[in-house]
There are 2 protein chains.
Amino acid sequence: MTSVKKDFETEKQVFSEHIQKAGLRHTAQRDLILEIFLRTEEHLSSEDLYWLVHKEDSSVGHTTVYRTLKLLTDAGLAREVRFGDGKTYYEHHYNHEHHDHMICTECGKVVEFYSPEIEALQEKVAAEYGFKLTHHSMRILGLCEDCLTREKELNGAASGAQPRVRVKSVVGI
Amino acid sequence: MTSVKKDFETEKQVFSEHIQKAGLRHTAQRDLILEIFLRTEEHLSSEDLYWLVHKEDSSVGHTTVYRTLKLLTDAGLAREVRFGDGKTYYEHHYNHEHHDHMICTECGKVVEFYSPEIEALQEKVAAEYGFKLTHHSMRILGLCEDCLTREKELNGAASGAQPRVRVKSVVGI
DNA sequence: GAGATGTTGAAATTCGCCGTCATTTCGCTG
DNA sequence: CAGCGAAATGACGGCGAATTTCAACATCTC
């Protein structure tokens with residue numbers, strides 16, 4: 001890296017090539033949306049990103065952001081993720097290792113992790129049932145360290161404290 | 001078991017106790033919905049169950065079925081599961097082993113599986129990050145044996161066949 | 001069995017997703 | 001660099017699932 005500030009040259013390159021190959025067009029909106037997406041390290045919903053874009057160019061509409069995120073997904077720059085709240089979030093995908101998510105049900109913190117052992121076992125299980133694995137998703141819900149200690153402190157005062165878990169029965173996907 | 005036909009006594013008992021403890025009321029609708037839910041072994045959406053109930057008592061509305069399923073979930077008799085099609089399904093939970101799901105992206109078949117190794121690794125990963133694991137969900141997407149062989153046969157005829165995968169980029173949850 | 005309170009069910013609302021369409025913009029060509 | 005055809009844009013609206021509202025009703029308690 002020659003500069004301290006990231007300029008996302010390679011990502012933009014990937015996007016341009018995808019645009020080219022798919023016979024699509026290069027537009028100012030798409031550039032702006034990509035730029036802001038890359039600058040933001042968090043998991044973003046289409047709506048979240050819309051507001052970030054809106055701050056810099058209020059003429060860009062929801063639809064364009066929505067469609068551009070799909071485009072980024074096709075280009076391999078973004079990845080769709082769902083955390084169980086019904087919304088679709090996007091995260092950086094290019095040059096990012098595959099990973100799964102661990103979510104704190106108290107504060108909403110999201111930790112990304114990767115376990116090669118689990119990956120291998122998934123392949124094994126799939127093979128046992130004759131499946132050819134194409135994707136998988138895994139989500140671990142629990143309490144993060146901070147919320148755990150905070151809860152213990154509270155329990156010191158009030159004994160039968162409520163578990164205060166927001167995500168109730170979203171055990172599924 | 002003394003009778004061949006399942007009468008779900010214990011499940012009904014659990015439900016009654018939950019109703020009691022929560023200060024709720026025992027109603028004919030709830031009984032009927034529970035009964036039909038228990039009789040049906042598949043993954044049911046609220047809508048699915050509504051129609052089954054409707055056949056036996058057409059006066060019961062969508063809302064009641066919807067709310068009763070939530071109630072059953074709270075009571076620990078049902079579990080919500082989502083397979084990525086936007087709908088929420090429910091499966092039996094009481095006295096049912098925990099398991100995860102493997103879904104065929106071609107025919108929609110759902111296989112339940114359980115891997116103690118994966119479970120243990122999840123605990124381990126959570127511990128590494130200071131998390132106290134409360135739930136988790138895991139979904140493996142792929143092609144089942146039948147669809148795999150069918151695809152191979154088709155590939156014999158048409159060479160560059162499309163992968164025909166319905167679930168595109170639903171990598172998340 | 002009467003009153004308090006929880007429950008029911010139709011309808012309406014909310015919310016995210018996605019298609020439509022008139023208008024604008026891009027990128028090529030001459 | 002002007003013109004043209006195709007693609008992109010953005011406002012709007014439809015759709016389906018989830019959820020809330022509210023008046024009528026059922027259930028439990030005393």
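A note on names: the letters A, B, ... follow the listed sequences, proteins ahead of strands, and every chain is numbered from 1.
A donor-acceptor pair under 3.5 Å is formed between the side chain of B:Thr68 and the backbone N or O of B:Thr64.
Rounding to whole angstrom units, CG of residue A:Asp31 and C1' of C:dT25 are separated by 14 Å. In this structure, B:Ile33 places its CD1 atom 11 Å from C1' of C:dG9, rounding to the nearest Å. Atom OH in A:Tyr66 sits roughly 17 Å away from atom P in D:dA11 (whole-Å rounding). If you measure from atom CG of B:Asp57 to atom P of C:dT8, you get 12 Å, rounded to the nearest angstrom. The distance between atom CG of B:Leu32 and atom P of C:dT7, rounded to the nearest whole Å, is 17 Å. Atom CG in B:Leu69 sits roughly 15 Å away from atom C1' in C:dT8 (whole-Å rounding). In this structure, NZ of B:Lys70 is placed 16 Å from P of C:dT8, rounded to the nearest angstrom. One interatomic measurement links the two molecules: NE2 of B:His62 to P of C:dA12, which rounds to 15 Å at whole-angstrom precision.
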Return a table of donor-acceptor pairs under 3.5 angstrom between the side chains of residues 83-90 of chain B and protein atoms on other chains or two or more places apart.
residue: B:Asp85; atom: OD1; partner: B:Lys87; partner atom: N; Å: 3.1
residue: B:Asp85; atom: OD2; partner: B:Tyr89; partner atom: OH; Å: 2.8
residue: B:Thr88; atom: OG1; partner: B:Arg82; partner atom: NE; Å: 3.4
residue: B:Tyr90; atom: OH; partner: B:Glu80; partner atom: OE2; Å: 3.4

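In this structure, a donor-acceptor pair under 3.5 Å is present between the side chains of A:Gln13 and A:Glu17. For the residue pair B:His62 and B:Tyr66, no side-chain donor N or O sits within less than 3.5 Å of a side-chain acceptor on the partner. Neither side chain, A:His98 nor A:His93, offers a donor N or O lying under 3.5 Å from an acceptor on the other.
Within residues 44-54 of chain B, no residue places a heavy atom under 4.0 Å from DNA chain D.
Ring geometry, B:Trp51 versus B:His54: the interplanar angle exceeds 60°, so the pair is classed perpendicular (tilted spans 30 to 60°).
Screening B:Glu97, B:Met102, B:His101 for a side-chain contact (heavy atoms from CB on, under 4.5 Å) involving B:His99 leaves a single residue, B:His101.
You'll find that the side chain of A:Thr63 is closest to C:dG19, out of C:dG19, C:dA11, C:dG16.
Heavy atoms of A:Arg67 sit under 4.0 angstrom from at least one base atom.
Scanning both residues, A:Glu56 and A:Leu32, for their nearest heavy atoms gives OE1-CD1, 3.9 Å.
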>> Run the side-chain contact (heavy atoms from CB on, under 4.5 Å) test on B:Leu72 and B:Phe37 for me, step by step, so that the C-alpha distance in whole Å, both residues' side-chain angles and the decisive distance to 0.1 Å come before the verdict.
In response: CA-CA 10 Å; B:Leu72 294 181; B:Phe37 172 72; 3.9 Å; yes
Scan nucleotides 27-30 of chain D against the protein and return all N/O pairs shorter than 3.5 Å with their distances rounded to 0.1 Å.
residue: D:dT27; atom: O2; partner: B:Arg25; partner atom: NH1; Å: 3.0

